[in-house]
Each structure stands twice: as structure tokens, then as C-alpha cells.
Protein chains: 2
Amino acid sequence: MSTPDRGPRVRLVDVARAAGVSKTTVSDALNGAGRLPAATREHVQKVARSLGYRPNATARLLRAGHTRLLGVAAREYVETPWVYPELAYFAQIVTATTRAALAHGYGVVLLPTYGPDDCWLDMPLDGVFVIDPVQADPMVRDFLAAGVPVVADRRALAEAADQARDIGRWVDFDYAAAVRQVLGHLEEAGAERVAVVAGATTACFHQQTTRAYLQWCAERRREPRIAYLPAPGVQPALDAVTELLAAPAPPDALLTLVELSPPLLLDTIRRLGRSVPDDLLLVCATEDPAARYTDPPISTLGFLPGQTAQAAVDLLVDCLEGRAGDAGRLFSADFQARASSAPPARRAARPPRLTRG
Amino acid sequence: MSTPDRGPRVRLVDVARAAGVSKTTVSDALNGAGRLPAATREHVQKVARSLGYRPNATARLLRAGHTRLLGVAAREYVETPWVYPELAYFAQIVTATTRAALAHGYGVVLLPTYGPDDCWLDMPLDGVFVIDPVQADPMVRDFLAAGVPVVADRRALAEAADQARDIGRWVDFDYAAAVRQVLGHLEEAGAERVAVVAGATTACFHQQTTRAYLQWCAERRREPRIAYLPAPGVQPALDAVTELLAAPAPPDALLTLVELSPPLLLDTIRRLGRSVPDDLLLVCATEDPAARYTDPPISTLGFLPGQTAQAAVDLLVDCLEGRAGDAGRLFSADFQARASSAPPARRAARPPRLTRG
DNA sequence: TATTCGTGAAGGAACGTTCCTGCACAAGAC
DNA sequence: GTCTTGTGCAGGAACGTTCCTTCACGAATA
């Protein structure tokens, strides 16, 4: 095994010359194609190995007409670039996307959420998965216009209009239904003043969850109690919670729709002199597995990052490889009711409320 | 603006034909090269736009001889694939790598930590950053053998021997020094029985931190109290802590070297009837920002994922673009002493210890 | 012996760019 | 009127593969 010398890389023709055969023979020998006797095949392989030959990936991609590379972009905090992978949800999405892509033989490129316009178009991508696109998302538009299939939500695809025709697939999340499910659960547990901590971006998730909450309040003629966070961060989130709980006639239930460490939140609430679930019912929208291990365990609203990503990749790959496949997939949330939002015992001891059977 | 029709993509020659000029002229007009009067340039650009022309990324990469794509692989839990981005450290590394790469005009591909051997070699990468390589890491070896520059730690590079000669750069972390710093801090705060929760993989971080702790114990003729976790996960980590604290002559200080939610850990310790820092000094190796907001705030040992990634990308890009640059960078840890490891007041009330001035 | 047939391998086009070279032509210098 | 100089553009090689086509040759068949 001689040390491969630096300098210009050894190419297919170099192997061919060294082995005394043609390019064709080398290519066939290494790729298991063509009609070659085992002897020739082995000889070529040996020469290739001894020269340290590695095929040029770019050249074979050009020839193949595809790159087997998928882009993934998480746009939620597009205004405050690059925080997203610190959040468990996005980390899990990215993980699951990569895993699913690998299973199909694709690699995954992390796309910038900001930067020089169009900079993403220089990347050799076969398809793109845009998570939580912002309104009139330029990334979605650009890729579709460039003929690169995109998976995003239906709204984003619709905004990109005609370009999306047959190279867009959707993965939708019924955020509104998820929020209503939780609010219904809290109402059944006896909550009358549900407060919400929400993100204030143009991302689909924030927009839809907020709207669902406001509408739910309107239907019940209740005053919404909502704290908006323009950017992620522990301190702003804790401040928001503190302020909500300090209000006159404080809330008797809290739903957090921003990423926040559940055990830390629980501890903060305790330090504010409230007890969960006795004084305050608590539900967190989070993927943090720590929520199951607190005392009491915290009810969570999860958004199935694994399943979502898997579906997105499947749709994308179907589209890329010319299979029919679905036009999209609709997901609902994963609500895990735990002790933090159970009806408190002290209420059970009260006289039964007349408003319910 | 006519809708670009599906079917075969519009190529450079198509634009040339439509504009009545040659390929050269189109290429020059769109790339701002050559000697062209403004009129021709604008005409070509207009035709290109109207046809919806987008240059083929793969073709220009082949021509350019590079792909402007960097791979990043986090190998720590290579045995239990794909959990890593759920951990704050790796998420931050990946984020920072992507950001730093983008600043240099590069994209980032997430590499699989497992999968069919060599599957990573089919990707068109200019360089690779391998975080926390395992022993005799095949990925490092393969890439170096294929002539792809790699940034990893010195040990991994040394193991890949001659291949690494001039296309490997190192980013080292003095994990041992970091651990000793924390242990020294705990000792000064009065700890006499420091227990450790450590990961049990072949990753550099786990190996070196564990060895440093064992050596530190040996130097002091103290019995090591160490719980090994073969895989990440909340429950196993909490179980390990519980078991350590339940031992006869329980530890008076705890250092966790696996990813674990700091507020959850603090709560668990409390539920076990111990109080931080009065009964137990606590330091967590974590990047979780929540550690600063608990009561008491938790001392943390951080590993500067942002700076490490930035340095790795800088080294890689230097290497790729033929600049001299450093051969490597050595990092030390970021230890933040907070109240969770402060000498408890009750000890200050004791008579001063004779062993120290 | 002439014809098919199968095997083994070479030649060269194609993928879609970029960029080097060179041609035609006009304007200015002599 | 010839000779330079410069401008505007076209032709074609090259990047490193894959794969389609062709061809030579020996064996089997008519």
C-alpha cells in the first residue's frame, strides 16, 4: 500500500492507464457493470486501490443528473438567525430529516435562514423541506421558480402560486386543532382563566396558534391573556410568565407555546408562590423529554417532529423519483395529559358545579 | 413573465439560442465577465429571466473543481445513531458550524454517524469537520484517504497516520484540564467525596474526562465514585444520580458529564432529600442556558461549541483555499462557578480547617 | 468454409457549465 | 492605403464521470 501522493487527484483515466485498459473497463469494473471476466475486474480494482483512486462525486452527479442532496430549512425565527437548532423541536426535525433522507440514499444540507438573497440557489439540491415557512416565503418561491421540488405547508405553496403546480408537496399541521384540544382539556379540568405565552413571529406555528387561542377566547367572551415573545430566550420567557401570574385575577392555567425548559418553568412558578396543579394548571408545547420526569409530570403538546420529517422526506423523494405518491399529509399534535393539568383534588372536594351535568 | 414550462430544464444553450447569441456571451452576461456592451448584457439577462433560466449547480461545481460544501459529523454516540442533535451541545456545534461556513460561502451537510460503510464518500464535499471522533475513526480515515481535508482532534489525525500529513488540521480540547479545574474548585469549596456521572462511549470527550477524574482520585488516594451511562436518556441519568446519592457515605459533590437538564437534576436531588449547595455541591457539564436561572443557579462547564466550530471551519477553509493558517487550535473549557458549588455558609461557620492557611 | 453468436473491451458522446483562444471588424496612427 | 489596437463575440476544450455504440475475435452452427 503506497502512500497516495498529494497534488492532482488520481482520476479514472489514471487508473485506466496504470491498468492498461480503457476508461470504460475501469468504470464497469468498479461499478459492477458491463460484461467483464472476474480476472479483469479484480485486476482493475487492485490497481485502483493501490493508486488510492476515489471517484469524483461532482462528476458522477453531473452525469447522473441528480445530487441526492436535500435541503432543510427551519424558518421560524428567520428574523433572529441561527437560533433554531438550539431548540429541541428543530433539533429533532433536523435529526429525523437526516435519518429519513439517509434511508432513501440522500444527504441533508442545512440551509441558512438568512444571508445574501438567493445564496441557497447555488447549492446543488434535488429538493427542499421548508419547516414553518414565513409569510410569502422567498425561499419557497425561489426554489419552486428554479424548478426544485419543495415540501412546505399548503399556505406557503399556495402563495408561490403557479410555480408550485406539480413540484410542491405539502405537510400541514393543524395547529389550531391542537391548541383547541389543550384549551378544551384545561376547561374540563376547571380552568377559567387560561393564559398563553406565544411567539411573535410570522411563522406559521406562531400565527396559527395565537389566532386559535384568540378565537377560542372570543367564542367564550373571555378576555385573552397572552404574552408575546418577539425572540426566543430564557429570561424573556420567564419574565413573561412572571408578569402573567402577577396580574390582578391571575390565570388559573398556563399554556406555553415557546420553547422553554419545563422543569425550569415549574420551578419558576413555584418560586412565584403558585403550586402546580393546585393553583395553576400547566401545559407546555415542547419536545423536551424532561417534562415527563418532573414532580408533578408536566402535560405536553408535542408536534411529532420525527413523523413530520419522515413524511416530508418521503413526499419529496416520491416527487423526485417520479412516483405518484400523495399530494400532502396532514398531522395533528401529540397531547400528553399529565398531572400538571389534572383537575386539582381541592376542586373535587367542592360542591359540584351546576353548569355541568 | 410567462410560466416556465415543466419538462427538461432550460439550459444555457437554450438561452443562447433564444437570445441569438453564443453560450459564451450568455455566460459572460450573467456572470458579469467578458467584454460586453451594456445593451447585450441586459438583453441576455432579460431573455434568461423570461425563460426562467437557472444555472445548473452541479455543472458549475464540476467546472469550478470544488463544491463549497462542508460535512459535519458528530460521532459521540456513534453506537446509538442520531440522537446527537437533540443534545444542546451538538445542536450548538451544528448551528455555529453552519453559520461560520456560510460566512465563508460554504454550505453544510449533516453526515450520518452510521450507515453503509463509505456512504459518506459519495457526497460531494470539500472538507469535513468531525466532532469528538471515536477511536480509530473510520470516517476520519476514509476522508483523509480520499484526499478530503478533515478537521478533528490530534489523536484522530494521528491515528489516520500518513494520510493526514498536510490535509488534516486539529481542534483539540483539553478535557482533562477542564475536569481538573472543576474538581479543584469543588475541593476548595470543601468537597471531599466528589461523584461523577459519565458517558461510556469511545468518544474522546467521555474517555478523557473519565480518565482525568480517575487520575485525580488516584493522586488523592480517594475512591472514585463514578456512574457510567452507556447511552443517553433522561431516566438512566436520573437513576444513576439516585444510586450515587443513595450510597453509604454519600458524595458531597456531584459533577455530571452527560447531557441532562440542569433544573430537572436539581429538582431530582431535592426530591432525594438533599439540598444544593448545603448538602451537595453541583456542577453540570452542559450548554443549557436554563442552568443560570435555577435557584440556586447551577455552576456549568461549557465546551464553547460556538468558538470550536468557528475555529474548525476557519481551519478547514484556510486549508481548502490554500492559505497557510495554523495547524490547529487548542481550546479550554468555560467554567462558570455559580451558587450551586459555592462553599455552604454552614461550613464557613465551622472552625477553620487546619490543613489550609 | 461461410455465417451467426457471444464475449471482452475500446471509442467517444453526453451531462451543463466556464474560460481560453481567436476571428472579424472598426477606429485610429502612420 | 497598410498596420496596429481594441472591441464584440463565437468556437471549442476542459472538468471527470457514465453509458451507448461499435468492433475484434474465437467458438459454435449451418
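Residue numbers start from 1 in every chain, and the chains themselves are labelled A, B, ... in the order their sequence lines are given, proteins ahead of strands.
The shortest distance between the side-chain N/O atoms of Tyr53(B) and the OP1/OP2 oxygens of dG16(C) is not below 4.0 Å.
Here Tyr53(A) pairs with nothing under the ring-ring contact (aromatic ring centres under 6.0 Å, His included) rule; sequence neighbours left out.
Following rounding to the nearest Å, His66(B) (NE2) and dT17(C) (P) show an atom-to-atom distance of 16 Å. In this structure, Leu121(A) places its CG atom 14 Å from P of dT17(C), rounding to the nearest Å. Put simply, CG on Leu62(A) is 9 Å from P on dC15(C), counting in whole angstrom units. Rounding to whole angstrom units, CG of residue Asn56(B) and C1' of dG16(C) are separated by 6 Å. For the pair Leu61(A) CG and dA14(C) C1', the computed distance is 16 Å after rounding to whole Å. Remark: P of dT17(D) and CE of Met123(B) are 19 Å apart, rounded to the nearest angstrom. Rounded to a whole Å, the CZ atom of Arg41(A) is 12 Å from the C1' atom of dA9(C).
Listed nucleotides dG16(C), dT17(C), dG11(C) differ in distance to Leu12(B); the shortest reach to its side chain belongs to dT17(C). Closest to the Arg11(B) side chain, of the nucleotides dC15(D), dT17(C), dT17(D), is dT17(C). Of the listed nucleotides (dG16(D), dC20(D), dG16(C)), dC20(D) has the atom at the smallest distance from the side chain of Thr24(A).
Side-chain contact between Val150(A) and Val130(A) is present, with heavy atoms from C-beta onward closer than 4.5 Å. Residues Arg141(A) and Asp137(A) form no side-chain contact, since every pair of their non-hydrogen atoms from C-beta on lies 4.5 Å or further apart.
By the 4.0 Å N-to-carboxylate-O rule, Glu42(B) lies too far from Lys46(B) to be salt-bridged with it.
Both Lys23(B) and Val13(A) lie near DNA chain D, and the one whose nearest nucleotide falls closer to the 5' end is Lys23(B).
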N/O to N/O distances under 3.5 Å, protein versus nucleotides 7-9 of chain D:
{"residue": "dG8(D)", "atom": "N7", "partner": "Arg35(B)", "partner atom": "NE", "Å": "3.4"}
{"residue": "dG8(D)", "atom": "N7", "partner": "Arg35(B)", "partner atom": "NH2", "Å": "3.1"}
{"residue": "dG8(D)", "atom": "O6", "partner": "Arg35(B)", "partner atom": "NH2", "Å": "2.7"}
{"residue": "dC9(D)", "atom": "OP1", "partner": "Thr40(B)", "partner atom": "OG1", "Å": "3.3"}
{"residue": "dC9(D)", "atom": "OP2", "partner": "Thr40(B)", "partner atom": "OG1", "Å": "2.9"}
{"residue": "dC9(D)", "atom": "N4", "partner": "Arg35(B)", "partner atom": "NH2", "Å": "3.3"}

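Between the Asp153(A) side chain and the Asp172(A) main chain, no donor and acceptor come within less than 3.5 Å of each other.
The closest side-chain donor-acceptor pair between Thr25(B) and Ser22(B) falls under 3.5 angstrom.
Here the straight-line distance linking atom NZ of Lys23(B) with atom CZ of Arg11(B) works out to 10.5 Å at 0.5 Å rounding.
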